[in-house]
Amino acid sequence: MLDFALRLGFELKLRQPYRAQTKGKVESGVKYVRGNLWLSIRFTDDADLNQQAVEWCDAVANRRIHGTTHQVPTEMLAKEQVHLAKLPERAALAPY
């Protein structure tokens with residue numbers, strides 16, 4: 001994870017375990033994926049899983065009204081895109 005953070009230029013911040021006020025939002029996203037994608041998905045390998053997950057994100061997860069922000073994630077991304085740094089080339093991310 002440290003290598004990934006350094007490669008993409010962000011800082012990792014460790015959080016105390018069992019402290020919902022500092023890590024609950026991240027865990028909620030995991031719960032959403034587990035309850036809405038993971039239960040029904042069938043895949044043959046990592047590439048197949050990744051492709052299906054991206055398709056599900058594009059068709060379902062990023063088009064719904066988000067429970068916390070009450071906005072559609074794809075619309076929020078379009079507004080925030082101008083403030084975000086450019087991602088590295090795909091080849092740099094391939095190990096992950």
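Just so you know, these numbers use all the heavy atoms, side chains as well, and skip hydrogens, waters and symmetry mates.
- Taken from CG in Asp46 to CD in Gln51, the straight-line distance is 13.0 Å, to the nearest 0.5 Å.
- Note on Met1 and Leu87: same hydrophobic cluster, where clusters join Ile, Leu, Val, Met, Phe, Trp and Tyr whose side-chain heavy atoms are under 4.5 Å apart, directly or indirectly.
- Expressed to the nearest 0.5 Å, how far CG of Leu2 lies from CZ of Arg7 amounts to 11.5 Å.
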Verdict with supporting geometry, Val72 and Asn62, side chain to side chain contact (heavy atoms under 4.5 Å, CB included):
CA-CA 7 Å; Val72 177; Asn62 292 334; over 6 Å; no
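- Annotation: side chain of Pro73 is not in contact with side chain of Arg63 (no heavy-atom distance under 4.5 Å).
- Between Trp56 and Phe43, the distance from one ring center to the other does not fall under 6.0 angstrom.
- Counting heavy atoms from C-beta on, the side chains of His66 and Tyr32 never come closer than 4.5 Å.
- A continuous path of hydrophobic side-chain contacts links Ile41 to Val60 [ILVMFWY only; heavy atoms under 4.5 Å].
- Listed here is the closest heavy atom pair of Pro88 and Ala92: CB-CB, 4.0 Å.
- In terms of hydrophobic clustering, with Ile, Leu, Val, Met, Phe, Trp and Tyr side chains grouped at heavy-atom distances under 4.5 Å, Leu12 and Tyr96 are assigned to a common cluster.
- A distance of 8.5 Å separates CD1 of Ile65 from CD of Glu75, quoted to the nearest 0.5 Å.
- Taking 4.5 Å as the limit, some side-chain heavy atom of Leu84 sits within range of a side-chain heavy atom of Leu77.
- Judged by distance alone, with hydrogens and angles left aside, the side-chain atoms of Gln52 form a donor-acceptor pair with the main-chain N or O of Arg42 at under 3.5 Å.
- Applying the 6.0 Å contact sphere to CD of Glu89 captures no more than 12 heavy atoms from other residues, nucleotides or ligands.
- Counting heavy atoms from C-beta outward, Gln71 and Met76 have side chains that approach closer than 4.5 Å.
- Residues Trp38 and Val30 have side chains not in contact (no heavy-atom distance under 4.5 Å, counting atoms from C-beta outward).
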